[in-house]
Amino acid sequence: PQHLRPDATGAPPPLPGEQPMERPEPSAYTPVDHTEMDETWASDHPFTFQDSIRHVLTKNYFNFKGRARRREFWWWVLAAIIGSFITSALDSVLFGTPSMETGMFNGLFTLAILAPSLGVSARRLHDIGRSGWWQLIGLVPLIGFIVMVYWTVQKSDPGPNEYGPE
């Protein structure tokens, strides 16, 4: 029937009594250039998984200053967990390393991500107004882990704080 045919944009026609739906211009879908990410990157810009890993490994490998948003921190944690599973599996398959032991690949991976992990954790704590040294509380069994998780899921301090701009 004529009333069910889409218009020139491919959108279905409105039902009787409805207003036609407005479609955004195709330019609204233009991808954002992510090559110039830095600490002053707009806070409303969504960090993707790849953006976060690239940002931590290239711009902030040994950086303990500034701030890290929740999204950057948690994408990094996910990448570290995935990398640990992959390197443990490689160790198990190639060297017969038991799953509860650290093999060569997993050990090298852990060493490689130690500095950026400490850095992104310090910057995440800076984002909520705490010193990066507070991550040492994670050494306290169970309670330290719970406190760190609680702090890292907190919303960022609005506006600039003593550790940098938002």
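Because the structure is predicted, anything quoted here is derived from the model rather than measured.
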**OP:** Please identify each residue that fulfils side-chain contact (heavy atoms from CB on, under 4.5 Å) with A80, with sequence neighbours left out.
**Re:** I113
**OP:** Output every pair passing salt bridge (Lys or Arg N to Asp or Glu O under 4.0 Å) with a member in residues 125-134, not counting sequence neighbours, ordered by first then second residue.
**Re:** R67-D127, R69-D127, R124-D127
Original post:
Out of curiosity, does I53 fall in the hydrophobic cluster containing I81 (side-chain heavy atoms, cut-off under 4.5 Å, transitive links)?
Top reply: yes
**OP:** Could you please spell out the steps behind the side-chain contact (heavy atoms from CB on, under 4.5 Å) verdict for V77 and W74?
**Re:** CA-CA 5 Å; V77 169; W74 287 108; 4.0 Å; yes
**OP:** Give me the other members of the hydrophobic cluster that L118 sits in, counting Ile, Leu, Val, Met, Phe, Trp and Tyr linked by side-chain heavy atoms under 4.5 Å, directly or via other members.
**Re:** F64, L114
Original post:
When you measure from the side chain of D91 to the backbone N and O of T102, does any donor-acceptor pair fall under 3.5 Å?
Top reply: no
**OP:** Kindly work out whether a path of hydrophobic side-chain contacts (I/L/V/M/F/W/Y, heavy atoms less than 4.5 Å apart) joins W133 to I137.
**Re:** no
Subject >> Pairs satisfying salt bridge (Lys or Arg N to Asp or Glu O under 4.0 Å), at least one member in residues 98-108, at least two apart >> reply: none
Original post:
Are L142 and L139 connected in a single hydrophobic cluster, I mean Ile/Leu/Val/Met/Phe/Trp/Tyr linked by side-chain heavy atoms less than 4.5 Å apart?
Top reply: no
Original post:
Quick one: do V120 and F109 end up in the same hydrophobic cluster if we chain Ile, Leu, Val, Met, Phe, Trp and Tyr together by side-chain heavy atoms under 4.5 Å apart?
Top reply: yes
Original post:
Ignoring hydrogens and geometry, is there a side-chain-to-backbone donor-acceptor pair from H126 to Y163 under 3.5 Å?
Top reply: no
Distance-only criterion, 3.5 Å: show the donor-acceptor pairs between side-chain atoms of residues 144-155 and protein atoms not counting sequence neighbours.
unit_1, atom_1, unit_2, atom_2, d
T152, OG1, M148, O, 3.0
T152, OG1, V149, O, 3.1
Q154, NE2, Y150, O, 3.0

**OP:** Verify side-chain contact (heavy atoms from CB on, under 4.5 Å) between F95 and M104, making sure each step is shown before the conclusion.
**Re:** CA-CA 9 Å; F95 304 116; M104 181 182 74; 3.7 Å; yes
Original post:
Crowded around F85 CZ? As in, over 12 foreign heavy atoms under 6.0 Å?
Top reply: no
Original post:
So, does S131 use its side chain to make a donor-acceptor pair with the main chain of W134 at under 3.5 Å?
Top reply: no
Original post:
side chain to side chain donor-acceptor pair (under 3.5 Å) with S88: which residues, sequence neighbours excluded?
Top reply: N106
Subject >> Worked check of side-chain contact (heavy atoms from CB on, under 4.5 Å) between V56 and R123 >> reply: CA-CA 11 Å; V56 171; R123 291 192 316 276; 4.1 Å; yes
Original post:
So, do P116 and Y61 sit near enough that their side-chain heavy atoms are less than 4.5 Å apart?
Top reply: yes
Original post:
Does the side chain of L57 come within less than 4.5 Å of W76's, by heavy atoms?
Top reply: yes
Original post:
Would L136 end up clustered with F73 when hydrophobic side chains under 4.5 Å apart are linked, directly or stepwise?
Top reply: no
